[in-house]
Structures are given as C-alpha cells and as structure tokens.
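First the structure, in the form of structure tokens, and then the observations on it.
Everything numeric here is computed off the predicted structure, so don't read it as measured data. Start at 1 and go down the list; that is how both ligands and their atoms are numbered.
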Amino acid sequence: MNDRLASIKQEILEGIEKSATSRATAFELRKQFLDSKTGKIGQLMKEMKSIAPEERAAFGKGVNELKEWAQQRFADLDEKMKARELQRRYEAEKIDVTMPASKIETGNLHPITQMKNQLIDVFAGMGFEVFEGTEIENDYYNFTALNTPQDHPARDMQDTFYLSPEFLLRTQTSAGQIHVMEEKKPPIKILSPGKVFRSDDDATHSPMFHQMEGLVVDKKITLCDLKGLLDMFVKKIFGEGTTTRLRPSYFPFTEPSVEVDVSCFECGGKGCKLCKGTGWIEILGAGIVNKNVLENCGIDSDEYSGLAFGIGIERVAMLKYGINNIKLLFESDLRVLNQIDDNE
Ligand code: PHE
C-alpha cells in the first residue's frame, strides 16, 4: 500500500518537474491527481471498501496525507507559475523610460495662409469685413472702372495675362473694390484677400502672388484715417515700436496716392542691411479713392470719400520671416515651410 502512495507521490514530483510550464498545464496536471471524480488520489479513496478493516484506518490516513501534500504542492506550483507568467508579461511589456519619445509630426499652415490670417485678424478687429473677389476679371473691373482707360499709360505698370480680348487674370485685388461699391452703398469697410497675376518673375516677384485690398468709403474719410489704420496694422504685424511714413506716389484709382514705408523693425530705424541703411522699408501702396472711381460706381463723390490700400502678402511674409527669395514660398520644400509656424 505504502508503495502505491509513494509511487503516486513520485509521479506528481516528476510531472511537476517535466510538464508544468504554465498555470494552465499545472492545472491539467493537478486534475490528473486531485480531480474529485477522475483524479488518481480520489480513486484511492474509492478503494477503501475493498481494504481489510484493520488496515483501513492506516490506509485512510496515508491517502489523506498524500492528498494534503499534493494540494500543497499544486498550490505552491500555481503560485510559482503565476509569478513566472507575470514576470514574462513584465518582460514583454517593458518600457524604457529613458528612450526619447517618438516625435508626433503635425502639419502647419502655409506661411502665406498664416500671414493672410494674421492680416485678416488685425483688420477684422477694426471692423473690416472680408469680400472674396474672383481671379478672372474683365478689362472693365481690373482697369477701366479703376480710372485706367484703354490708352492710359498706367496699364503698362502691370503686365497682364489676357485670356481673351475681354477677359484677363486680375492683376490687382483693387478690381474687387468696384464689385463691392456696385453692390453696397457707404459706409463700406472691406478687406479683400486673394491671388493676383502679372507677367513678372525674379527673386522678389512671382507671376502669381497674393494681395490684400482694403477699402473704406464713408463721409469725411481723409489721409489721416489711412495713416491711423496703417500705423495700427504695422504695430500689430511688425511690433509695437514700428510706425509708418507716407511718400507721394501714383495710382490711377487714388488721388492723392502714397507709397507706405514701415520703420525698420530690425534696427529700429538706425539703418541696417534689411532697410538698406535708410531706416525704412516699403510695404504697400495706398491712397484716397479717386473721385472718378466713386462716380463710376454711382457713389456721390461730394458726399462720400474713401481710402484704399493694397498689401502684398508675400512681401510682408518675406520681411517678417526673413525670406530672401519669393520662390521659397512656392516650392513646397518642407525644410523651409517647417521653420515658419506663427500660430500661437
Ligand atoms: N493695386 C495697387 C497695386 O497692385 C495697390 C493699391 C491698392 C494702391 C489700393 C492704392 C490703393 O500695386
């Protein structure tokens, strides 16, 4: 009898040694011995009846001891397997906290779009509404209504892409002024951003570029209003310390016309490479709307006056971000574009 108990014990020890590699296999092994119906130790219990009565007590004691011993072995084994599985999981899920984090690449808006949005923000804060014109215009809106008759020498100022004798790609967002004044009566305060096209191509000119037109028409609008607006604009875009200066110029649709300079934000006006030693940088064209233009749109030029300005968006972006070639803005080179992220 004792031999049978000893051999089961031996079987258990060998089984544990050889086949218990996980909690699941250990559980299967346990069943072979301790399952109440089919387990080998349970079977021994059933044999009680056939044991001679005088040996029964000793047999029962032996089987019970074996059962307790086996239960303890398997409980220990289960603990061991549990620890081992946990260890394996830790190994598999190990994270090296000293590793540099993987970089999350995010896109950003194109510098022209960033600049355009900033300009809209500045002027929207002063009550301007956005009007989007069309890129294809006819001769009337781009030139004639803007006081530039057929034979006017001012047409030579801008080399035009003609689509047909009548239609052309707008050379200036000023064309939008006419549409607005035809549709709306004063007071008018609009901002018109968009693409414009000219046959022009060098380091600072591109055949396609962007302008932002501003137009205000109301009673008693003067050059002082223009100066005030532009001062505010340069302070917001180039810094609080900057100001503007107006120089006489010529545009057929404004009278008087001015070229607007911003005080150099790089050297504070002392003179540097950026401002070519002058302390000033030319940024835009503007003026008081020519009476003929108001009249062309059916606005009484004795009652109303207007101011207009046209900002070159590339020009402002190039100055602000220190870009020396306009082509860099159109080549989609991520090494360039990634450097310009002004979206605070
Ligand atoms: N349209 C002019 C240009 O393209 C700029 C401008 C706009 C000048 C409005 C005066 C008033 O050069």
*Which protein non-hydrogen atom lies closest to atom 7 (C) of ligand 1, naming both residue and atom, and how far is it?*
G310 N, 3.3 Å
*Can you tell which of M212, E259, E213, R198 gets a heavy atom nearest to atom 3 (C) of ligand 1?*
R198
*Is there a side-chain contact between I288 and L223 (heavy atoms, below 4.5 Å)?*
yes
_Assess whether a salt bridge exists between R88 and E85, defined as any Lys/Arg side-chain N lying under 4.0 Å from an Asp/Glu carboxylate O._
no
*Just heavy atoms, cut-off under 4.0 Å: does S174 contact ligand 1 by side chain, backbone, both, or neither?*
side chain
_Suppose I only count heavy atoms of A308 and a 4.0 Å limit; which atoms of ligand 1 are within that range?_
9 (C), 11 (C)
*Do Q72 and D76 have side-chain atoms, one donor and one acceptor, less than 3.5 Å apart?*
yes
_Considering non-hydrogen atoms of the protein only, which is the closest contact for atom 6 (C) of ligand 1, and what is the distance?_
G285 O, 3.7 Å
*Tell me, yes or no, whether the heavy-atom count around I136 atom CD1, taken from other residues, nucleotides or ligands under 6.0 Å, exceeds 12.*
no
_Counting only heavy atoms closer than 4.0 Å, does ligand 1 sit against the backbone of F253, its side chain, both, or neither?_
side chain
*Consider every N or O of Q172 and every N or O of ligand 1, then say whether any pair is closer than 3.5 Å.*
yes
*asked:* For Q172 and Q211, which I'm curious about, is there any donor-acceptor pair between the side chains at under 3.5 Å?
replied: no
